[in-house]
Every structure is written in C-alpha cells, then in structure tokens.
Amino acid sequence: MGVLYELNWYLVVGTENDLLEREIDCFVTTKSDKRFYPIGAPIPLIVKSIGCMGMVEVTSFKVDSQSTTIEFVFTEHYEPDNVIAVHYFSQYKAGK
C-alpha cells in the first residue's frame with residue numbers, strides 16, 4: 001500500500017486572496033492533497049489570475065490527511081510584465 005504525494009517546483013495559487021500574511025513578509029497558504037516543496041530553495045510563486053509574482057523560499061510545510069499548509073517568504077518580487085515573470089508563467093502554462 002502506498003501514499004500518493006506530489007512534488008512541486010512551483011507554488012501555485014488561484015488568487016492573491018489565497019495568500020495569508022502571517023508576519024511581515026511571511027506568508028502561508030493551504031493546498032489540497034499531500035504535497036512536497038523544496039525548503040530553502042527559491043521557487044516561482046504563480047498566481048493563476050495574474051502570473052508569476054516573484055520567487056519565494058518555502059520555510060516549512062505541514063502535510064495532514066487532507067491538505068498541505070505551506071509557509072514561505074519572498075526572495076524577489078516581480079511585476080507581471082517582468083521578463084523573468086513572463087518566462088516562469090509561460091513555463092507553468094506549458095506544463096499544464
């Protein structure tokens with residue numbers, strides 16, 4: 001018997017409302033299912049309705065029976081038309 005986990009190299013949320021600021025520059029979001037994220041390595045933050053918002057480092061994540069709660073900090077902020085943001089968003093869309 002196995003457990004299904006998903007390994008993620010992008011942090012993707014539906015809207016900015018899915019990001020809750022816990023402390024200054026420390027955010028938390030919850031995803032359904034069991035997911036793994038690299039800790040301490042920069043990964044793109046994709047907001048589906050906007051694009052790539054920047055690079056974040058996951059500081060911790062907690063997996064329970066129904067969901068995963070992710071805490072992260074921004075390492076870089078991008079405007080949606082930034083060349084790096086456009087690249088990551090296009091890569092995300094191509095992988096769907």
Side-chain angles (χ1 to χ4, degrees):
M1 183 168 119
V3 178
L4 181 61
Y5 285 96
E6 181 177 303
L7 178 60
N8 291 270
W9 289 96
Y10 284 68
L11 180 54
V12 180
V13 297
T15 69
E16 285 185 284
N17 293 334
D18 296 327
L19 305 174
L20 304 174
E21 191 166 16
R22 180 163 282 177
E23 298 172 12
I24 296 175
D25 291 330
C26 182
F27 293 85
V28 64
T29 192
T30 301
K31 306 290 287 178
S32 62
D33 300 323
K34 296 172 177 69
R35 300 166 186 252
F36 282 114
Y37 291 88
I39 292 179
I43 60 173
L45 171 64
I46 304 289
V47 177
K48 290 180 183 179
S49 59
I50 298 173
C52 180
M53 299 293 293
M55 299 298 284
V56 299
E57 283 188 12
V58 174
T59 56
S60 70
F61 63 89
K62 179 181 177 185
V63 180
D64 64 29
S65 63
Q66 301 295 318
S67 63
T68 303
T69 302
I70 306 108
E71 289 188 18
F72 62 93
V73 295
F74 275 90
T75 59
E76 293 182 63
H77 289 273
Y78 299 141
E79 294 298 321
D81 61 346
N82 175 289
V83 66
I84 298 169
V86 170
H87 167 76
Y88 280 121
F89 193 53
S90 67
Q91 291 299 305
Y92 161 71
K93 290 190 301 185
K96 288 173 107 180

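None of these values were measured; they are calculated from a predicted model.
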Report yes if the side chains of [X] and [Y] come closer than 4.5 Å at any heavy-atom pair, otherwise no.
X	Y	result
I43	P38	yes
L19	F72	yes
I39	F61	yes

task: Could you state whether L20 and V12 fall into the same hydrophobic cluster, counting links through intermediate Ile, Leu, Val, Met, Phe, Trp or Tyr residues with side-chain heavy atoms under 4.5 angstrom apart?
output: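 No, L20 does not connect to V12 through the hydrophobic network.
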
- prompt: Linking I/L/V/M/F/W/Y whenever their side-chain heavy atoms sit closer than 4.5 Å, directly or via other members, would V58 and F74 fall into one cluster?
  reply: yes

Considering all heavy atoms of both residues, which atom of [X] and which atom of [Y] are nearest to each other, and what is their separation?
X	Y	result
G54	Y78	CA-CD1, 3.3 Å
V73	C26	CG1-CA, 4.1 Å
P42	T75	CB-OG1, 4.3 Å
V86	P80	CG2-O, 3.5 Å
G14	V47	O-CG1, 3.9 Å

Nearest-0.5 Å distance that lies between atom [atom1] in [X] and atom [atom2] in [Y]:
X	Y	atom1	atom2	value
H77	M55	NE2	CE	12.5 Å
R35	L7	CZ	CG	11.5 Å
M53	F27	CE	CZ	9.0 Å
D33	E6	CG	CD	7.0 Å
Y37	L11	OH	CG	5.0 Å
L45	I70	CG	CD1	10.5 Å

Over 12 foreign heavy atoms within 6.0 Å of CD, E21: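 Enclosed: over 12 neighbouring heavy atoms sit under 6.0 Å from CD of E21.
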
Mark yes or no for whether [X], through its side chain, and [Y], through its backbone, hold a donor-acceptor pair below 3.5 Å.
X	Y	answer
D18	T15	yes
D64	K62	no
T68	K31	no

field: Ring geometry between Y10 and Y92 (parallel below 30°, tilted from 30 to 60°, perpendicular above 60°)
entry: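 Rings of Y92 and Y10: tilted, as their planes differ by 30° to 60°.
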
statement: salt bridge (Lys or Arg N to Asp or Glu O under 4.0 Å) filter on E57, not counting sequence neighbours, yields none

